[in-house]
Amino acid sequence: MALKLYNSLARKKEIFEPIHEGRVGMYVCGPTVYSDVHLGNIRTFVSFDVIYRYLKYLGYKVRYVRNITDVGHLEGDADSNAEDKISQRARLEQLEPMEIVQHYMNGFHSMMHRFNTLDPNIEPRATGHIIEQIKMVQDILDNGFAYIENGSVYFDTLKFQQEKKVYGQLSGRIIEELMTETRTDLKNQSEKRHPSDFAIWIKASPTHLMRWESPWSIGFPGWHLECSVMSTKYLGDKFDIHGGGNDLKFPHHENEIAQNIGACGVAPAKYWLHTNMLLMHGKKMSKSDGNSITPHELFTGDSPHVSKGYSPMALRFFMLQAHYRSTLDISDEALSAAEKGYKKLMETNKVLQNLAATQWASTPTSTDTEIEKLMSETINGMNDDFNTAIAIGKLNELSGYIHKLANKQLAFTEISESVLNKLKAFYATFITDVFGLLSESEHAAQEESTLDGLMQLLITMRQKARAEKDWATSDLIRDALGELKIQVKDGKDGTTWSKG
RNA sequence: GGUGACGUGGCCGAGUGGUUAGGCUGGGCUCUGCAAAAGCUCCUACAGCGGUUCGAAUCCGCUCGUCACCUCCA
């Protein structure tokens, strides 16, 4: 069964056929680093991480590009009075904009690593591509799809639509309706010829911190421009997959397509993938309206929304239990269920890897057939638009066989050695390489407390032995711990211990 | 107001015409010194109304409800 994916552009599932055989170019819109990454972003990047991992699993050579937006993302409406999010933050905190960027970018990276997402192959930053962005603005102007107004440059959506007929194709917007937009809160856009036009170069106000020289003004690039420039710079004018959150479909991605076509006549991506939103209490989790919980609060449990802390891996598993195009509602109950499911899956894998026998079925059995079937159904699930929920369900069905073998409820003579070995490799690969789930070592804090408890127990037992002058037992404990590089220290105020 | 999506059992969440999704929770059984784990098993479904069909959670229509986008957001 071939890989199918849901292409937002076509609004249906399509068979995936890369532009260049064996290779995939994938671009995903990354975060704007003006504040701490929140859980909704994480869901999107975890989703694309699994997509990236699965494409690699299928044998594709993938170039994964995910940008860092460090300029151009405006607070409020895109007229000349609007302020760049990062610039604004820098002013408020009295820091260099690049200090803001560095700080939140570092935080983003460390959070991504806690969720065990793979780094993209290229992580370009908008401020590193100002020259290319200016060139694209010029190309769009040269092609007649933009106009200059008071030092700012605007994309002419009406002209673009008249000539290319594709504006609104991705998002389903109808340009005539955008033209007659009557909402009163959108009326302060006097420099634009049409309400649907958007800025591609913005003249900086005197107080604006981030500014570059250009043929039109000292200013900064529009937000949509960076993705058009950086995706095609690293992946070519036409590449395979462009991804991002659902909420970027319009205007961001629609405008991106317009810019690329406006500049070089080619739509950038063959397949557009959009992840759905993470909800809390049935509503979109969103920083701006306070309906959100930070990853840190989830880890520690320090939030009225949860009864306890959840590990990054439990959260990752929670996200994988739903399909990436479905909304996912976060709740304490659901997280708790996911945590248990995650632990069980990891434990099952451990049990599986430890299975060993001396006698096997000599000919293929019905168990072999069932197991082979479940493995291929796992793959089919993933091939059906990366349906991780199905894949997890199938792995769980396989777990029945694994535990029965472990408990001797199913004899090893009912299974072929080759099938079990295949299952071992398959299970481990899926959990680790495709789903990106780490084992318990991720729960470092929990292990710490377990170790602590064990040590207290040993010390108590040793003290009992010492009280009874049972020096053999006492020394056995101390020496054995020494072998494990744990030092036992008998002081005046009792016994302490240390590692290493 | 425009556009789109969704409504599945106690909870989460797959599933687009006929077959058990799966996880968590609850009941029963097996195993077990006790407990845990594990296995087996049971219970509660497809928002409502109508239509198409031999047959619908799945297709069509209507009603009700929820959400998203249209403005920064993954």
Side-chain angles (χ1 to χ4, degrees), chain A residues 8 11 13 28-32 34-35 37-48 66 69 73-78 82-85 88 168 171-174 176-178 180-183 185-186 188-189 195-196 223 243-252 254 274-279 281-289 292 317-318 320-345 347-348 351 374 377 381 384 387-410:
Chain A
S8 301
R11 288 157 212 255
K13 286 181 194 169
V28 173
C29 289
T32 301
Y34 69 105
S35 68
V37 64
H38 84 120
L39 214 59
N41 298 58
I42 290 169
R43 184 192 183 193
T44 294
F45 300 134
V46 164
S47 297
F48 283 108
R66 187 184 64 206
T69 296
H73 208 151
L74 296 183
E75 193 72 56
D77 296 324
E83 189 166 18
D84 183 285
K85 278 173 183 279
Q88 179 190 52
S171 61
R173 306 289 140 177
I174 295 160
E176 287 74 16
E177 285 172 4
L178 293 169
T180 56
E181 178 62 71
T182 54
R183 281 163 45 123
D185 54 343
L186 290 180
N188 55 348
Q189 301 173 351
S196 57
W223 171 41
N246 213 351
D247 49 358
L248 294 184
K249 212 185 269 183
F250 187 88
H252 185 56
E254 193 70 62
H274 289 98
T275 59
N276 216 321
M277 298 292 108
L278 189 63
L279 311 182
H281 308 306
K283 298 213 173 193
K284 179 179 173 180
M285 196 178 274
S286 163
K287 268 190 288 203
S288 52
D289 64 14
S292 75
F317 184 82
F318 169 72
L320 298 187
Q321 274 189 309
H323 189 261
Y324 75 88
R325 278 190 294 113
S326 297
T327 53
L328 175 62
D329 206 334
I330 198 164
S331 69
D332 191 52
E333 211 175 354
L335 285 173
S336 168
E339 182 183 53
K340 286 178 187 168
Y342 157 68
K343 286 182 176 168
K344 205 169 132 183
L345 185 67
E347 184 57 31
T348 300
V351 168
L374 285 169
E377 283 173 352
D384 186 11
N387 196 326
T388 50
I390 294 265
I392 287 173
K394 295 300 173 187
L395 292 186
N396 275 320
E397 288 191 61
L398 281 164
S399 96
Y401 290 97
I402 293 165
H403 287 292
K404 272 189 268 189
L405 282 168
N407 296 343
K408 317 282 186 222
Q409 288 167 306
L410 182 67

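Excluded from the calculations below are hydrogen atoms, water molecules and symmetry mates; all remaining heavy atoms, backbone and side chain alike, are included. These numbers were taken from a predicted model, which means no experiment stands behind them. To find a chain, count down the sequence lines: A is the first, B the second, and so on, and within it residues start at 1.
The P atoms of B:A14 and B:G9 are separated by 13 Å, rounded to the nearest whole Å. Here the separation of B:U71 from B:U3, taken at their C1' atoms, is 16 Å to the nearest Å. Look at the P atom in both B:G4 and B:G39: the space between them is 46 Å, to the nearest Å. Across the C1' atoms, B:A38 and B:A57 are found 33 Å apart, a figure rounded to whole Å. Nucleotides B:U66 and B:G27 have their C1' atoms positioned 33 Å apart, rounded to a whole Å. B:C49 and B:U41 have their P atoms separated by 34 Å, with the value rounded to a whole Å. The gap from the P atom of B:C46 to that of B:C40 amounts to 27 Å, rounded to the nearest Å. Comparing the same atom, C1', in B:G13 and in B:U53 gives a spacing of 30 Å after rounding to whole Å.
Evaluation of the side chain to side chain donor-acceptor pair (under 3.5 Å) rule for A:Thr388 yields no partner, not counting sequence neighbours. Looking at residues two or more places apart in sequence or on another chain, you find a ring-ring contact (aromatic ring centres under 6.0 Å, His included) between A:His252 and A:Trp223, A:His224. Judged as a side chain to side chain donor-acceptor pair (under 3.5 Å), and not counting sequence neighbours, A:Ser331 has no contacts. Partners of A:Phe45 according to the ring-ring contact (aromatic ring centres under 6.0 Å, His included) rule, which considers only residues two or more places apart in sequence or in another chain, are A:Phe108. The side chain to side chain contact (heavy atoms under 4.5 Å, CB included) search around A:Thr32 returns A:Tyr34, A:Thr69, A:His73, A:Lys85, A:Ile86, not counting sequence neighbours. Scanning for side chain to side chain donor-acceptor pair (under 3.5 Å) contacts around A:Lys284 gives A:Asp247, with sequence neighbours left out. Taking A:Lys13 as the reference, A:Asp384 meet the side chain to side chain donor-acceptor pair (under 3.5 Å) condition, with sequence neighbours excluded. With sequence neighbours left out, the salt bridge (charged side-chain N to carboxylate O under 4.0 Å, His left out) criterion links A:Glu397 to A:Lys394. Qualifying salt bridge (charged side-chain N to carboxylate O under 4.0 Å, His left out) partners for A:Arg66, counting only residues two or more places apart in sequence or in other chains: A:Glu123.
Between B:C67 and A:Lys283, a contact under 4.0 Å exists linking OP1 or OP2 to a side-chain N or O. The side chain of A:Ser326 contributes an N or O atom lying less than 4.0 Å from OP1 or OP2 of B:A14. In terms of phosphate contacts, A:Asn246 brings no side-chain nitrogen or oxygen within less than 4.0 Å of OP1 or OP2 of B:C69. OP1 or OP2 of B:C40 has at least one side-chain nitrogen or oxygen of A:Lys404 nearer than 4.0 Å. Contact between the side-chain N/O atoms of A:Lys340 and the OP1/OP2 oxygens of B:U25 is found at a separation under 4.0 Å.
Atom pair A:Ile330:CD1 and B:C67:C1' shows a separation of 17 Å (rounding to whole Å applied). Between A:Glu333 atom CD and B:G23 atom P there is a gap of 17 Å when expressed in whole angstrom units. Per the geometry, CE belonging to A:Met277 stands 15 Å off P belonging to B:C6, to the nearest Å. In this structure, A:Asn276 atom CG and B:A14 atom C1' are separated by 15 Å, rounded to whole Å.
Using a 4.0 Å heavy-atom cutoff across all strands shown, A:Lys249 reaches no nucleic acid atom at all.
Base pairing of B:G4 is made with B:C67, judged by Watson-Crick or G-U wobble geometry with both donor-acceptor distances under 3.5 Å. Across the strands present, B:A21 finds no partner; the criterion is a Watson-Crick or G-U wobble pair with both atom distances under 3.5 angstrom. The partner of B:A38, taking Watson-Crick or G-U wobble pairs whose two distances both stay under 3.5 Å, is B:U30. In this structure B:C46 sits in no base pair that meets the Watson-Crick or G-U test at under 3.5 Å. With a cut-off of 3.5 Å on both Watson-Crick or G-U wobble distances, the partner of B:C72 is given as none.
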Scan nucleotides 28-30 of chain B against the protein and return all N/O pairs shorter than 3.5 Å with their distances rounded to 0.1 Å.
none

All N/O contacts under 3.5 Å from nucleotides 35-37 of chain B to the protein, with atom names and distances to one decimal?
none

Give every pair of a protein N or O atom and an N or O atom of nucleotides 19-21 of chain B that lie under 3.5 Å apart, one pair per line with the distance.
unit_1 : atom_1 : unit_2   : atom_2 : d
B:A21  : O2'    : A:Glu397 : OE2    : 3.2

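Within the model, atoms CE of A:Met285 and CG of A:Asn41 stand 11.0 Å from one another, a figure rounded to the nearest 0.5 Å.
Of the candidates B:C72, B:C67, B:A74, the closest approach to any side-chain atom of A:Leu248 belongs to B:A74.
Taking the side chain as every heavy atom from C-beta outward, A:Arg43 and A:Thr275 never approach each other to under 4.5 Å. Residues A:Leu405 and A:Val351 are not in side-chain contact: their nearest non-hydrogen atoms beyond the backbone lie 4.5 Å or more apart.
Counting only distance, with no hydrogens or angles, the side chain of A:Asp329 and the backbone of A:Gly282 share a donor-acceptor pair below 3.5 Å.
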